[in-house]
There are 2 protein chains.
Amino acid sequence: MNTRLPAGERREQILDVAVQVFARNGYHGTSMNDVADAAGVTKPVLYQHFDSKQDLYLALIDEVGQRMITAISKATAGATSGKMMTELGFQAYFRWVAQDHDAFLLLFATQANRDAAATKAIRTITSEAASAIAPLIAVEIDHEKQRTIAHGLVGLAEGVSRRLVERGEDFDPDELGRLVANLAWAGLRAIGPTS
Amino acid sequence: MNTRLPAGERREQILDVAVQVFARNGYHGTSMNDVADAAGVTKPVLYQHFDSKQDLYLALIDEVGQRMITAISKATAGATSGKMMTELGFQAYFRWVAQDHDAFLLLFATQANRDAAATKAIRTITSEAASAIAPLIAVEIDHEKQRTIAHGLVGLAEGVSRRLVERGEDFDPDELGRLVANLAWAGLRAIGPTS
DNA sequence: GTCGCCTGTTACCCTTGGGTAACCGTTATG
DNA sequence: CATAACGGTTACCCAAGGGTAACAGGCGAC
């Protein structure tokens, strides 16, 4: 039997546990009872901390997304060149994936979204990531196209990670980051003003 | 009121209509009644053609996925170089996206999957696409890494498309294909045997 | 000590929605 | 015309699951 917890800690614990459960079974595959069981409490306790299932889920996405963005921002803060920034950024991203498979799955594989609000929340995050990438792209290219390409690079990292996470493989995020950054950087240099 | 249709045609019509409905609202956001309404019939008619909701959904994924793979295969069949193949492939892909937003959304955005079977079905498709790409990658790189990169390129195309489709923009798939192919090709040439 | 707050629980409600049984009208065939 | 085959409908069953009302018990404040 679980000891009682003060509200704040209980809330944190629920969030921790919920990431795992949602990541493994998706939004619709996870019932509030599942989350409650995993947390070692009963359903009404969840509703003391979150208004609804969706509210809980959005809180998760937000927290996890912020962790990712923060990790990448910090890593790239000291970069002194575009290429360096690219490399540090990808490395930080893959490090985040390697450390927290569940978080990655929650954001990018558990596409049990399609709940309008959740979809929007995730789009906001990828969009933020794309915004960071866009400035690295040759300035001669028109702005819209820059952003499109930037979203493509987000997808690139996502595709790579999805495969690795699904296979449950261990991988070296720094090496992988260098590899992907090389690809991306060379690619970006190659696309000029005219298609 | 809808006229009666012979079984074969009704089945086709249901599939056509279901792609749209599922693409717009996701798996869990779509009830069998929704599909039936959209098709102008009642629920039991659906069950004359498909065993279950999941069965219908998997049939959709399969059909749509095959259309995509076929389009790309045909387009790249006549390529005489890796670079040409890359370009033709991406162009065919983006043409497919441009022509059939719903199909794209069904496969890649309606992540209302996480139903184990559906997830697997989609993974099969992306995997097939990756298999086609892998051989283009420098042979000196180890095989597993090749496949990982290939999945990354699938994600690249996916990320680009998702943004465009979500924004509801018209775009020129051939021009976009050239742009992305340039990026990818240059990137692939840049990654050598050593990270 | 006792009062009230705070963390929990039990037991329930009620909608949504997948799936089905039973029935009906139309059309083709002899 | 009888009748069988077929496409379709109405009306229902039932489980899953989000959400809640009402109650229980410990711990700090006074």
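Below, chain A is the first sequence line, B the second, and so on; all start at residue 1.
- The pair Arg24(B)-Asp102(B) does not count as a salt bridge, with every side-chain nitrogen at least 4.0 angstrom from each carboxylate oxygen.
- For dG8(D), the OP1/OP2 oxygens have a side-chain nitrogen or oxygen of Arg10(B) closer than 4.0 Å.
- Put simply, the side chain of Gln13(B) gets close to the backbone of Ala39(B): a donor and an acceptor are under 3.5 Å apart.
- Atom CG in Asp34(B) sits roughly 10 Å away from atom C1' in dG17(C) (whole-Å rounding).
- Atom CZ in Phe50(B) sits roughly 15 Å away from atom P in dG18(C) (whole-Å rounding).
- Per the geometry, CG belonging to Leu5(B) stands 22 Å off P belonging to dA5(D), to the nearest Å.
- In this structure, CZ of Arg11(A) is placed 17 Å from C1' of dC6(C), rounded to the nearest angstrom.
- Rounding to whole angstrom units, CG of residue Asn25(B) and C1' of dT16(C) are separated by 15 Å.
- Per the geometry, CZ belonging to Arg4(B) stands 14 Å off P belonging to dC24(C), to the nearest Å.
- Rounded to whole Å, atom P of dG8(C) lies 9 Å from atom CD of Gln13(A).
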Before giving the answer on side-chain contact (heavy atoms from CB on, under 4.5 Å), spell out for Phe94(B) and Leu164(B) the whole-Å C-alpha distance, their side-chain angles and the decisive distance to 0.1 Å.
CA-CA 10 Å; Phe94(B) 291 123; Leu164(B) 294 172; 5.7 Å; no
Heavy-atom protein contacts under 4.0 Å, nucleotides 9-21 of chain D, coded B base, S sugar-phosphate only, - none
BB------SBBBB
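- Using cut-offs of 30° and 60° for the angle between ring planes, the Phe104(A) and Tyr93(A) rings count as perpendicular.
- Taking the centre and axis of the six-membered ring of Tyr47(B), the NZ or CZ atom of Lys53(B) falls outside the cone set by 45° and 6.0 Å.
- Going from atom CG of Asp37(A) over to atom P of dG8(C) covers 15 Å, rounded to whole Å.
- Side chains of Arg147(A) and Ser127(A): a donor on one and an acceptor on the other come within 3.5 Å.
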